[in-house]
There are 2 protein chains.
Amino acid sequence: MTDFDSATPESNPKDAEYLSRLQDYYADWKSIPSYASLCEVFGIASKSWVKAILDRLEKAGYLERTPDGMWIPTKQFFARPLAESSVPAGMPITVSATQGEHFVIDEMLIDTPSKTTLIPVKGDSMIDAGIHDGDVAVVEKRMNANIGDIVVAIVDNEFTLKTLDKERGQFILRPANQAYPVIRPQGSLEIFGVLTGLIRKYRR
Amino acid sequence: MTDFDSATPESNPKDAEYLSRLQDYYADWKSIPSYASLCEVFGIASKSWVKAILDRLEKAGYLERTPDGMWIPTKQFFARPLAESSVPAGMPITVSATQGEHFVIDEMLIDTPSKTTLIPVKGDSMIDAGIHDGDVAVVEKRMNANIGDIVVAIVDNEFTLKTLDKERGQFILRPANQAYPVIRPQGSLEIFGVLTGLIRKYRR
DNA sequence: CATCGTAAAGAACGAGCGTTCTGTTGTCAA
DNA sequence: TTGACAACAGAACGCTCGTTCTTTACGATG
């Protein structure tokens, strides 16, 4: 009667659990399976109740349906909680650390997908800038850069990640490691792109 | 009879066209629809032929099937080679760009979304490990860790990002900065999670 | 002109799917 | 004790899906 659906999205702990199960499943399989399969995923025996759950997640903005009726995730589905208090902070922390704003990592790091590439970092010539061997550089392809930018330049037919600087009117490429020499290219300097982000994955 | 399927994946221009149509569709809808819908996507009238195409794309490594028989994309489905012209000789970099907008990076850094939190890093106590002030730590919440892991621990009601180590049978938290002291917690050590990734965004 | 292979169309079918409806259980308030 | 409601379980049904099989169109080959 009172046509308010009181089903709360994340205030409801059960639905939060179902959502996280679905998120983990999707991370594995990149698809949302049938209601029958979701029964196993959720630990539930009733298809109709699974549908009720997904309907609520849709209302809460975590799922959508295609014109064909297929369930698909939304941006909110992929968003990760951002802990409120930074690692070490001066404030005492309440356990509700996961109660903050959400965001999607890709959107944070990539403004223009068509111009952005990921390049694995090789070597430790930029280690003093906190860029390690094995890190992945997020690079926005363009030909101009500003002094102080970390750029991907092409020197002697090789990619090089260095800080762009100027010395006596000449552009130079400065490594962040005293063991490496400053590169002073004769003639023109070909810039491939500018470093806009960095990704590191720790082995587990 | 000769049971070799000669169907070539990308050497076949038709299949390449079908693949890119499917990639575009997936970028829009994040799902692979039914054969009937794919008929429209491909501009084809026959379901059986659509199945034949997907079977070939599977054999070529672009698609997989779940145990339930659902089609799902593979990593190769998302991969994109860098333009030949800009690849310098002698350096066989396999650069892959972000073709779809979502979860290329997300997927790389996050295995279990439900247990993963993002925490902004404050301070420079881990700077020798290449973790800077303002970086965002990707943390997988769990209570146990191994020696050598970089962990988020709770010390005196504060989050702390340190390397977990052991000294004379006692767990200690080691900073990566000589200006900071080693933390030797008396009694138990509460671990919030383990660092599994790091994100840095450069101002533009 | 016959044959063959490729690329597709189309029909036929049973299994499984999503949907709806009704039934069951547990909890809590009155 | 009763009633109400939330949280499921289970059945029933029509329709769509994936699969398989047969047929067609057509260019190349010989």
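Here is the naming used below: chain letters follow the sequence lines, and residue numbers restart at 1 for every chain.
Taking only side-chain nitrogens and oxygens, Lys51(B) comes nearer than 4.0 Å to OP1 or OP2 of dT19(D). Dashed line: the shortest gap from a side-chain N or O of Arg65(A) to OP1 or OP2 of dG18(C) is not under 4.0 Å. Distances shorter than 4.0 Å separate some side-chain N or O of Lys14(A) from OP1 or OP2 on dC8(D). Checking the phosphate oxygens (OP1, OP2) of dC17(D), a side-chain nitrogen or oxygen of Ser34(B) falls inside 4.0 Å.
Protein atom CH2 of Trp49(A) is 17 Å distant from nucleotide atom P of dC21(C), rounded to whole Å. In this entry the distance linking CG of Leu54(A) with C1' of dA7(D) reads 16 Å, nearest Å. Atom C1' of nucleotide dA6(D) and atom CD1 of Ile53(A) are separated by 13 Å, given to the nearest angstrom. dT19(C) atom P lies 8 Å from atom CH2 of Trp71(A), rounded to whole Å. The distance between atom OH of Tyr35(A) and atom C1' of dG16(C), rounded to the nearest whole Å, is 14 Å. Rounding to whole angstrom units, CG of residue Asp15(A) and P of dA6(D) are separated by 13 Å. For the pair Met70(B) CE and dC17(C) C1', the interatomic distance rounds to 11 Å; values are reported in whole Å. Atom CG in Asp68(A) sits about 17 Å away from atom P in dC17(C), given to the nearest Å.
No donor-acceptor contact under 3.5 Å links the side chain of Ser48(B) to the base of dG18(D).
Between Phe77(B) and Tyr62(B), the gap from one ring centroid to the other reaches at least 6.0 Å.
Within 4.0 Å (heavy atoms only), Lys47(A) reaches at least one base atom of the nucleic acid.
Taking the six-membered ring where the residue is Trp, Tyr35(B) and Trp71(B) present tilted rings, their angle falling between 30° and 60°.
Side-chain atoms of Ser46(A) lie closest to dA9(D) of the nucleotides dG18(D), dA9(D), dG10(C). Minimum atom distance to the side chain of Tyr18(A) is reached by dC8(D), of the listed dC17(D), dT20(C), dC8(D).
Salt bridge status for Asp55(A) with Lys51(A): present, with a side-chain N to carboxylate O gap under 4.0 Å.
Side-chain contact check for Ser125(B) and Lys162(B): at least one donor-acceptor pair (N or O, by modelled atom type) lies under 3.5 Å.
Arg174(A) and Met126(A) make their closest contact through O-SD, 4.1 Å (heavy atoms, listed as atom of the first residue, atom of the second, distance).
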